[in-house]
Amino acid sequence: VVTRDDVEESLKAVFQFVKDKEQLLQDLRSQIEETKKIIVEKQRERDYWLEYKNVGSQIHAEKISSLEKDIAEVQYELERTEEYYREALKVVKEENQKLFDRHMKLLSEEALKNAVGYLDKHCRREIEENEWLKEEVKIYRKAHSDLEASVQLLEEENTSLVAKLIDTKLQHLRV
């Protein structure tokens with residue numbers, strides 16, 4: 001038997017899980033920013049050594065090449081990390097949606113059980129046969145599907161905004 005407290009605790013656990021994932025995402029964003037700063041620093045160093053190379057130093061030409069390889073490796077790792085976290089975010093959103101759906105189902109079942117539990121056998125039969133209640137259930141289901149669609153749209157918008165942000169940062173990095 002699932003009680004209201006159980007459902008509330010489960011919802012709190014889900015919301016804490018989401019909050020933890022958001023904190024992880026924030027930490028990853030700060031790591032990406034630090035990596036971008038490192039890339040900018042390496043590019044400045046590369047520019048310095050390219051200027052020196054043009055003057056004619058063969059000894060330092062190798063170091064310039066090495067630094068260019070380092071920059072390329074850092075950029076490659078940044079792209080891999082971004083892709084990994086995009087996928088991780090997608091998985092977390094899917095898990096959250098599944099948990100949300102499951103909890104909504106539990107809440108609706110619990111509410112129905114609570115309501116039916118207070119009625120006698122005769123009243124229960126009347127409720128089951130009542131067309132008005134069936135219409136209310138249809139309205140509830142429609143509202144539920146509308147809410148799910150709204151949540152889906154918000155998640156897609158959020159994902160596109162994050163993707164645009166990352167793309168913009170990559171463009172700034174390339175510049």
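Sequential numbering from 1 along the given sequence is applied to the chain's residues.
To the nearest 0.5 Å, atoms CD (Gln23) and CD (Gln16) are separated by 10.5 Å. Between Ser30 atom OG and Leu25 atom CG the span is 10.0 Å, to the nearest 0.5 Å. From Glu156, atom CD reaches atom CG of Leu161 across 12.0 Å, with rounding to the nearest 0.5 Å. Between Glu79 atom CD and Leu173 atom CG the span is 8.5 Å, to the nearest 0.5 Å. One finds the CG atom of Leu170 at 6.0 Å from the CG atom of Leu78 (value rounded to the nearest 0.5 Å). The NZ atom of Lys105 lies 10.5 Å from the NE2 atom of His144; values are rounded to the nearest 0.5 Å.
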- Test Glu77 against Arg80 for salt bridge (charged side-chain N to carboxylate O under 4.0 Å, His left out), laying out the working first. CA-CA 5 Å; Glu77 288 297 321; Arg80 275 188 38 209; 3.0 Å; yes
- Message: Go through it in stages, so that I can follow the logic: the residues are Leu107 and Arg4, the test is side chain to side chain contact (heavy atoms under 4.5 Å, CB included), and I'd like the CA-CA distance, side-chain angles, deciding distance and then a yes or no.
- Response: CA-CA 8 Å; Leu107 285 174; Arg4 179 184 180 114; over 6 Å; no
- Message: Test side chain to side chain contact (heavy atoms under 4.5 Å, CB included) on Ile71 and Glu45; report intermediate values, then the result.
- Response: CA-CA 10 Å; Ile71 290 172; Glu45 190 174 347; over 6 Å; no
- Show the numbers, then the answer: is there a side chain to side chain contact (heavy atoms under 4.5 Å, CB included) between Glu95 and Phe17? CA-CA 10 Å; Glu95 289 176 14; Phe17 176 76; 3.6 Å; yes
- Message: Before you tell me yes or no, could you show the steps for Gln97 and Glu155 under side chain to side chain contact (heavy atoms under 4.5 Å, CB included), namely the whole-Å CA-CA distance, both residues' side-chain angles and the distance that decides it to 0.1 Å?
- Response: CA-CA 10 Å; Gln97 184 62 38; Glu155 287 181 348; 4.2 Å; yes
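If you chain together hydrophobic residues whose side chains sit under 4.5 Å apart, Ile166 and Ile32 fall into the same group. Neither Val14 nor Val151 shares a network with the other; the hydrophobic side chains, linked directly or stepwise wherever heavy atoms of I, L, V, M, F, W or Y lie under 4.5 Å apart, form separate groups for each. Criterion: ILVMFWY side-chain heavy atoms under 4.5 Å apart, direct or through other members. Under it, Leu67 and Val40 are not part of a common hydrophobic cluster. At a threshold of 4.5 Å between side-chain heavy atoms, the hydrophobic network of Ile, Leu, Val, Met, Phe, Trp and Tyr places Tyr140 and Phe100 in one connected group. Placement of Val91 and Leu89 in two distinct hydrophobic clusters is found when ILVMFWY residues are connected by side-chain heavy-atom separations under 4.5 Å, directly or transitively.
Under a 4.0 Å N-O distance rule, the pair Lys12/Glu8 does not qualify as a salt bridge. At a threshold of 4.0 Å, the pair Lys142-Asp146 counts as salt-bridged, since one of the basic side-chain nitrogens sits closer than that to a carboxylate oxygen. With respect to the salt-bridge test (charged N to carboxylate O, under 4.0 angstrom), the residues Arg86 and Asp167 qualify.
With 3.5 Å as the limit, one finds no donor-acceptor pair spanning the side chains of Gln152 and Glu148. At a cut-off of 3.5 Å, with distance as the only test, a side-chain donor of Thr3 or Asp6 sits close to an acceptor on the other residue.
Contact check for Asn96 versus Lys21: no side-chain heavy atoms found under the 4.5 Å cut-off. Proximity of Arg29 to Val162: side-chain heavy atoms (C-beta onward) are separated by under 4.5 Å at one or more points.
Atom NZ of Lys169 sits in a crowded spot, with more than 12 heavy atoms from other residues, nucleotides or ligands closer than 6.0 Å.
Checking Lys37, Lys42, Gln43 one by one against Ile39, the side-chain contact (heavy atoms from CB on, under 4.5 Å) holds for a single residue, Gln43.
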